[in-house]
Amino acid sequence: MNNYFSFNVIHQSTKSRARVGQIITPHGVIDTPGFVPVGTNGAMKAIDSVLLESIGVQLMFCNTYHLMLQPGADIVAQAGGLHTFMNRSSPLITDSGGFQVFSLMYGGVARELKSQGTKAHSNSVVKINEDGVTFRSYRDGALIHLNPERSIQAQKKLGADIILSFDELPPYHIDEKALKKSFERTHRWEERSLIEHKANPAQQALYGIVHGGIDPELRKQSAQILAAMDFDGYAIGGSVGKNRQEMTEMLSLLMPHLPENKPNHLLGIADIASLDASIPLGVDTFDSSHPSKCARHGKLFTNEGDLHILRSGNSTRFEPISRTCTCYTCQNYTIAYLNHLFKAHELSAYTLATIHNTHYVTQRMAHYRNMILHNLL
């Protein structure tokens with residue numbers, strides 16, 4: 001650790017590996033376990049930065065790949081970095097671009113889990129070699145080369161508090177030989193990322209990314225390889241399984257091998273059931289667009305289960321989504337009104353629903369922390 005980034009374990013549960021901690025960054029404190037909403041283009045869909053901070057979101061996730069293509073890392077740097085550009089005072093984390101390259105090659109997570117993405121698309125322009133990845137911009141078709149050094153340099157220009165090392169994400173359906181080749185290359189890329197980062201730390205923390213698919217031995221090896229390097233924390237990436245059971249089994253085997261004095265982050269997973277399963281295993285932070293996507297589709301979270309706003313009967317429910325919820329939406333609007341807004345395709349429907357779901361998950365994380373502090377989780 002260093003004088004601008006640190007992690008403190010406040011309480012370790014006696015019931016599980018769950019723990020309450022604090023990540024200290026130049027832009028503030030992150031309480032763990034914590035939810036990290038995704039703002040792909042430097043903005044969360046339907047909610048601006050000021051409103052998001054008022055909900056209590058301590059850490060927000062932005063995508064380097066998309067921001068490199070639009071508006072460009074140089075323009076963000078000219079604006080004073082992401083915090084100034086998007087008017088956010090609290091901590092930010094950016095990814096390396098590796099996940100988007102994976103999606104370009106294999107058609108995304110859903111496609112490859114259905115065995116439709118084992119091989120790269122026949123019309124894919126993505127080329128991978130030892131140096132890095134070459135692909136075409138989805139915006140203007142321009143050829144772009146991304147490698148560990150360029151990924152880190154772009155993240156320096158963006159200026160997030162936490163940045164991620166450059167990695168390759170092999171699909172779930174991959175043979176053992178190809179997985180091993182990808183595994184070895186991605187760790188060489190991560191070492192190069194660390195070297196580039198150390199040349200200009202810029203008060204940023206760099207996380208190494210644990211890989212190995214659902215192979216328990218490779219996951220263990222990855223944790224050991226990265227623990228031997230001077231990373232500030234660890235993200236858990238790659239394919240974590242085709243279902244929650246496989247993910248839970250993998251995490252159960254992996255988590256004991258990660259250094260306990262550094263924070264860890266589960267990439268791309270934060271649905272309620274996965275939070276329930278993963279927090280007792282010792283995961284500290286989770287990023288996902290799941291709550292906001294659900295909101296835009298009219299699925300609203302409650303302690304009694306999901307409320308589907310467009311279902312019949314909701315048009316005359318003149319009550320909040322939850323009577324115990326303190327979010328702006330529940331304090332000011334009814335289910336009947338939200339039902340009307342969704343039916344009318346009013347844009348404010350997405351904002352109000354997203355406020356509620358984001359608030360719900362943020363408050364649920366506070367509940368998890370309280371349960372851990374009392375050794376109930």
* Asked: Excluding sequence neighbours, so at least two apart, what forms side chain to side chain donor-acceptor pair (under 3.5 Å) with E217?
  -> none

* Asked: Is V210 reachable from L206 through a run of I, L, V, M, F, W or Y residues, each pair having side-chain heavy atoms under 4.5 Å apart?
  -> yes

* Asked: Would a distance-only check, ignoring hydrogens and angles, find a side-chain to backbone donor-acceptor pair under 3.5 Å from T186 to S182?
  -> no

* Asked: Looking only at heavy atoms, what is the nearest atom pair of P201 and Y4, with distance?
  -> CB-OH, 3.4 Å

* Between K220 and H257, is there a donor-acceptor pair closer than 3.5 Å when you use the side chain of the first and the backbone of the second? -> no

* **Those residues that, when tested against A228, pass side-chain contact (heavy atoms from CB on, under 4.5 Å) (two or more places apart)** => none

* Asked: When hydrophobic residues are tied together by side-chain contacts of less than 4.5 Å, even through go-betweens, does L52 share a cluster with F61?
  -> no

* Positive for side chain to side chain contact (heavy atoms under 4.5 Å, CB included) with F166, one of I209, T64, V133 -> V133

* Asked: Would you say F7 and D284 make side-chain contact, with heavy atoms under 4.5 Å?
  -> yes

* Asked: Is there a donor-acceptor pair closer than 3.5 Å between any side-chain N or O of N357 and the backbone N or O of P291?
  -> yes

* Is a donor on one side and an acceptor on the other found under 3.5 Å between the side chain of T32 and the backbone of G21? -> yes

* Asked: Do any pairs count as a side chain to side chain donor-acceptor pair (under 3.5 Å) and have a residue in residues 37-46, sequence neighbours left out, and if so which ones?
  -> T40-N63

* Structure fact -> Correct closest heavy-atom pair for M229 and H187 would be CE-O, 4.3 Å

* **Flag, side chain of T351 to backbone of A46, donor-acceptor distance under 3.5 Å** => yes

* **Sequence-distant partners of E246, side chain to side chain donor-acceptor pair (under 3.5 Å), two or more places apart** => Y172

* Count the heavy atoms of every other residue, nucleotide or ligand shown that sit under 6.0 Å from NE2 of H297, and state whether that count exceeds 12. => no

* Asked: Same cluster or not: are F318 and L310 linked, directly or through other Ile, Leu, Val, Met, Phe, Trp or Tyr residues, by side-chain heavy atoms under 4.5 angstrom apart?
  -> no

* Structure fact -> d(L92 CG, I163 CD1) to nearest 0.5 Å is 12.5 Å

* Are F301 and I309 joined in one hydrophobic group, where the rule is that I, L, V, M, F, W and Y side chains link up if heavy atoms are under 4.5 Å apart? -> no

* Asked: Looking just at side-chain N and O atoms, do D276 and Y368 make a donor-acceptor pair shorter than 3.5 Å?
  -> yes

* Same hydrophobic cluster for I269 and L258, using side-chain heavy-atom links shorter than 4.5 Å among ILVMFWY? -> yes

* To do: Please name all residues satisfying side-chain contact (heavy atoms from CB on, under 4.5 Å) with N303, sequence neighbours left out, ordered by chain then number.
  => Y360, R364

* Any P33 side-chain heavy atom under 4.5 Å of R369 side chain -> yes

* Structure fact -> Closest heavy-atom pair, I152 versus S193, reported as atoms and distance to 0.1 Å, is CG1-O, 3.7 Å

List the atom pairs, with distances to 0.1 Å, where a side-chain N or O of residues 322-331 and a protein N or O form a donor-acceptor pair under 3.5 Å, not counting sequence neighbours.
unit_1 : atom_1 : unit_2 : atom_2 : d
S322   : OG     : T324   : N      : 3.4
S322   : OG     : T324   : OG1    : 3.1
T326   : OG1    : H359   : NE2    : 3.2
T329   : OG1    : L352   : O      : 2.6
Q331   : NE2    : C325   : O      : 2.9

* To do: For I214 and V240, work out which heavy atoms get closest and say how close.
  => CG2-C, 3.9 Å

* Asked: Would K180 and E184 count as a salt bridge (Lys or Arg N to Asp or Glu O under 4.0 Å) if you check the C-alpha gap in whole Å, the side-chain angles of each, and the deciding distance to 0.1 Å?
  -> CA-CA 6 Å; K180 184 70 167 143; E184 292 172 348; 3.6 Å; yes

* To do: Sequence neighbours left out, what pairs pass side chain to side chain donor-acceptor pair (under 3.5 Å) with at least one residue falling in residues 286-295?
  => H265-D287

* Can we say R192 and E196 salt-bridge, meaning some charged N sits less than 4.0 Å from an Asp/Glu carboxylate O? -> no

* Flag yes if more than 12 heavy atoms outside H374 fall under 6.0 Å of its NE2 atom; otherwise flag no. => no

* Asked: Considering residues, nucleotides and ligands other than E176, do more than 12 of their heavy atoms fall under 6.0 Å from its CD?
  -> no

* Backbone N/O of S90 and side chain of E53: donor-acceptor pair under 3.5 Å -> yes

* Donor + acceptor pair across side chains of Q155, S151 (<3.5 Å) -> yes

* Structure fact -> So the side chain to side chain donor-acceptor pair (under 3.5 Å) pairs with at least one residue in residues 68-79 (sequence neighbours excluded) are D74-K157

* Considering only heavy atoms from C-beta outward, does the side chain of F183 approach that of I225 to under 4.5 Å? -> yes

* To do: Mind checking the CG-SG spacing from D95 to C62? Nearest 0.5 Å is all I need.
  => 9.0 Å

* Asked: Hey, is the main chain of A235 close enough, under 3.5 Å, to the side chain of N264 for a donor-acceptor pair?
  -> no

* Should the pair H340 and Y337 be assigned to parallel (<30°), tilted (30 to 60°) or perpendicular (>60°) ring geometry? -> tilted

* Do D271 and R244 have side-chain heavy atoms sitting under 4.5 Å apart? -> yes

* To do: Please report the closest heavy-atom contact between H11 and I372, naming both atoms and the distance.
  => CD2-O, 3.2 Å

* Quick one: CG on L164 to CG on L267, what's the gap to the nearest 0.5 Å? -> 6.0 Å

* Structure fact -> In this structure, CZ of R19 is separated from CD of E260 (nearest 0.5 Å) by 7.0 Å

* Donor-acceptor contact present, side-chain S13 to main-chain L377, <3.5 Å -> yes

* For G141, does its backbone N or O pair with a side-chain atom of R136 as donor and acceptor, under 3.5 Å? -> yes

* Asked: Does some side-chain heavy atom of M86 sit less than 4.5 Å from a side-chain heavy atom of M60?
  -> yes

* Atom pair CG (N339) and CD1 (I335), whose distance is rounded to the nearest 0.5 Å -> 9.5 Å

* Asked: Can you tell me how far CG of D230 sits from CG of L194, rounded to the nearest 0.5 angstrom?
  -> 6.5 Å

* Asked: Y207 versus I162: any side-chain heavy-atom pair under 4.5 Å?
  -> yes

* A202: partners by side-chain contact (heavy atoms from CB on, under 4.5 Å), with sequence neighbours left out -> K156, N200, Q204

* For I195, which fellow cluster members are found when Ile, Leu, Val, Met, Phe, Trp and Tyr are connected by side-chain heavy-atom distances below 4.5 angstrom, either directly or through intermediates? -> none

* Look at atom NE2 of H308 and say whether more than 12 heavy atoms of other residues, nucleotides or ligands are closer to it than 6.0 Å. => yes

* Asked: Other than I24, what residues sit in its cluster of Ile, Leu, Val, Met, Phe, Trp and Tyr side chains whose heavy atoms are under 4.5 Å apart, directly or through others?
  -> V29

* Taking side-chain contact (heavy atoms from CB on, under 4.5 Å) as the test, write out the residues that go with S252, two or more places apart. => T248, L281

* Asked: For L67 and G42, which heavy atoms make the closest approach, and how far apart are they?
  -> CD2-N, 4.0 Å

* Asked: With a 4.5 Å heavy-atom cut-off, do L266 and S278 have their side chains touching?
  -> yes

* Asked: Under 4.5 Å between any side-chain heavy atoms of D131 and H145, yes or no?
  -> yes

* Asked: Can any side-chain N or O of R219 pair as donor or acceptor with the backbone N or O of G213 at less than 3.5 Å?
  -> yes

